[in-house]
Amino acid sequence: MSDCLFCKIAAGEIPSAKVYEDEVCLAFRDIDPQAPTHFLVIPKAHIGSVAEITPENAPAIAHIFQVIARTARELGLDSYRVVSNIGAQAGQSVPHLHFHVLGGRDMTWPPG
Ligand code: DGP
């Protein structure tokens, strides 16, 4: 999508602090980190949110979770949280599917 922030980051049109990249997805550090380690993993193809996961794009999502596990391990995390906000009420501010990966501090539950 031409006016999508994360599509532009995926295409390299807007710079990001990349921690992993392949043909399917990109992982980069969140601009407003909420934990000592906080990165986002996005599909390069535009998907609006978890609510738009389908049988057709599900292989990319499975791949992204493998990337999350491997990248978290490589960044030294052995305990971390994976979050995806869906819709404005849940706090989604960028309408391109992204998984937050947060670690390096104690977490509370339930999230606010
Ligand atoms: P959410 O609120 O769940 O949609 O998360 C969006 C996240 O994206 C938020 O934690 C801040 C981050 N973010 C927004 N704009 C940029 C940007 O231009 N670069 C980077 N690296 N992160 C961004």
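Counting convention: from 1, in listed order, for ligands and their atoms alike. Owing to the predicted nature of the structure, the values given are computational and were not obtained by experimental measurement.
- Remark: the backbone N or O of Arg29 is not paired with any side-chain donor or acceptor of Lys18 at under 3.5 angstrom.
- Residue Gln34 places no heavy atom under 4.0 Å from ligand 1.
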- May I have the step-by-step check of side-chain hydrogen bond (donor to acceptor under 3.5 Å, both in side chains) for Asp32 and His38, ending in yes or no? CA-CA 9 Å; Asp32 182 23; His38 183 178; over 6 Å; no
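- Taking CD1 of Ile47 as the start and SG of Cys7 as the end, the distance is 10.0 Å to the nearest 0.5 Å.
- Proximity to Ser93 (heavy-atom distance under 4.0 Å) selects the following atoms of ligand 1: 1 (P), 2 (O), 4 (O), 5 (O), 6 (C).
- Under 4.0 Å from ligand 1, the heavy atoms of Phe6 that appear belong solely to its side chain.
- The proximity of Ser16 to ligand 1, defined as any non-hydrogen pair under 4.0 Å, does not occur for either the backbone or the side chain.
- The side chain of Leu40, and not its backbone, has at least one atom closer than 4.0 Å to an atom of ligand 1 (non-hydrogen atoms only; side chain from C-beta on).
- Of the listed options Asn85, Ile14, Val94, Asp30, Asp30 places a heavy atom closest to atom 7 (C) of ligand 1.
- Atom CD of Gln89 sits in a sparse spot, with 12 or fewer heavy atoms from other residues, nucleotides or ligands closer than 6.0 Å.
- The aromatic rings of Phe6 and His98 stand perpendicular to each other, their planes meeting at an angle above 60°, with 30° marking the opposite boundary.
- Distances from atom 5 (O) of ligand 1 to the heavy atoms of Arg29, His96, His98 show the closest one on His98.
- Not a single N or O atom of His38, backbone or side chain, sits closer than 3.5 Å to an N or O atom of ligand 1.
- The single protein non-hydrogen atom nearest to atom 15 (N) of ligand 1 is Leu5 CD2, 3.4 Å, given as residue, atom name and distance.
- In summary, the atoms of ligand 1 found under 4.0 Å from a heavy atom of His100, numbered by their order in the structure, are 1 (P), 3 (O), 5 (O), 7 (C), 10 (O).
- Here Val83 has no heavy atoms under 4.0 Å from ligand 1, in either its backbone or its side chain.
- Residue Arg70 qualifies as enclosed at atom CZ: its count of foreign heavy atoms under 6.0 Å is above 12.
- Counting only distance, with no hydrogens or angles, the side chain of Gln92 and the backbone of Gly87 share a donor-acceptor pair below 3.5 Å.
- Those atoms of ligand 1 with a heavy atom of Ile9 less than 4.0 angstrom away are 17 (C), 18 (O), 19 (N).
- Per-residue contacts place Gln92 under 4.0 angstrom from the following atoms of ligand 1 (heavy atoms of the residue considered): 4 (O).
- By the criterion of a heavy-atom distance under 4.0 Å, both the backbone and the side chain of Ile31 are placed next to ligand 1.
- Asn85 contributes no side-chain N or O that, together with a main-chain N or O of Val94, makes up a donor-acceptor pair within less than 3.5 Å.
- Taking the ring centroids of Phe28 and Tyr20, they lie at or beyond the 6.0 Å cut-off.
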